[in-house]
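In listed order, ligands and their atoms are each counted from 1.
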Amino acid sequence: MASVLTLGVATTAYSQTVMRNSISVAQNSHQGVGIDVLAQEVEKGTNGRIIIKNFYSGSLGGERESIESVQLGTQELAASSTGPVPNFVPAVRILDIPFLFRDKAHARAVLDGPIGQAMLKEFDSKGFKALAWSENGVRHMTNSKRPVNGPDDLKGLKMRTMENPVHVAAYKGFGIITTPMAFPEVFTALQQGVVDGQENPLSVIMASKFDQVQKHMTLTGHVYSPAIYLMNKAAFDKLSPADQKVFLDAAKVASQAQRARVDQDDANGVAELRKKGMLVVENVDKAAFVARLKPVNAQFEKEFGKDKIDAIRNYK
Ligand code: EAX
């Protein structure tokens with residue numbers, strides 16, 4: 001390694017690689033924790049040879065745009081919910097089926113087990129290295145119009161959805177008027193009344209200050225939303241085997257930190273949002289919501305295969 005003595009301080013001139021990563025929510029969030037830990041672990045594991053510069057709050061675009069940039073190689077990394085992912089890797093769609101998972105523990109076990117790990121391999125042929133599953137959280141409904149005590153109360157609500165075909169089909173099953181929209185546009189759309197409501201995990205609702213533009217929340221828990229750390233495949237393949245291991249290990253540490261923050265947000269989110277004025281329906285008759293989606297679920301079983309859905313549903 002060439003070393004240069006300048007101003008009496010020995011500096012070792014070594015090549016430092018700077019990569020970019022992005023999320024659509026604020027840095028003070030579960031996803032912000034995830035990518036900050038990922039960056040710290042990669043810098044530590046490569047002794048500063050690789051630095052990841054993080055961009056928050058959709059400053060590089062929404063999740064779909066960022067995933068597209070990673071696929072094209074104009075951005076090395078992106079951390080995203082699985083919302084827009086089916087547009088790139090259709091095999092992942094099955095994970096977005098409402099009421100597929102019993103709870104977070106069930107979802108984490110599936111994602112960290114053979115089913116989820118095999119799914120990560122589906123990304124390779126699409127130009128991505130999927131470093132690890134992470135977690136967006138269990139999604140709940142919010143709106144500015146009325147309390148939602150049962151599925152009938154959803155009928156006719158104009159709700160923003162993720163750009164996700166499974167969600168759109170399912171929410172139409174509730175009689176919701178669906179508006180797919182990139183996340184960075186959601187706060188303004190809610191503020192201006194372009195849509196009445198949206199649905200997201202408590203972590204996202206809190207980080208995005210939706211209490212300022214949404215009066216009502218119902219803990220429907222209708223979808224478990226995985227998240228994922230994606231890297232441009234060519235950029236990953238260029239790394240030495242040792243550095244590839246650093247990235248994969250860093251992603252696992254980051255995922256644990258992100259999941260821990262989700263647990264923290266789930267523990268105190270309702271009280272915090274109530275303090276900020278939201279009216280929260282906590283005791284929800286989930287069976288009523290599940291029953292309303294029976295016809296849509298029949299469609300999903302045809303589309304994805306009942307055996308595949310049951311393998312996830314019954315995973316212990
Ligand atoms: O990943 O688009 C969404 O509602 C996502 O949950 C949000 O961007 C956090």
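Sorted by chain then number, the residues whose non-hydrogen atoms approach ligand 1 to under 4.0 Å are Ser24, Val25, Gln31, Glu63, Ser81, Asn136, Arg139, Arg160, Met162, Phe183, Asn200, Val204.
Note on Arg313 versus Asp307: no salt bridge recorded, every NZ/NE/NH1/NH2 to OD/OE distance being 4.0 Å or above.
In this structure, Asn268 contributes its side chain and Gln264 its backbone to a donor-acceptor pair below 3.5 Å.
Residues satisfying the side-chain hydrogen bond (donor to acceptor under 3.5 Å, both in side chains) test with Lys145, not counting sequence neighbours, are Asp196. By the salt bridge (charged side-chain N to carboxylate O under 4.0 Å, His left out) test, Lys126 pairs with no residue at all, sequence neighbours left out.
Residues Arg20 and Leu77 have side chains not in contact (no heavy-atom distance under 4.5 Å, counting atoms from C-beta outward).
Under a 4.5 Å side-chain heavy-atom cut-off, the cluster of Ile, Leu, Val, Met, Phe, Trp and Tyr residues that includes Val262 has no other member.
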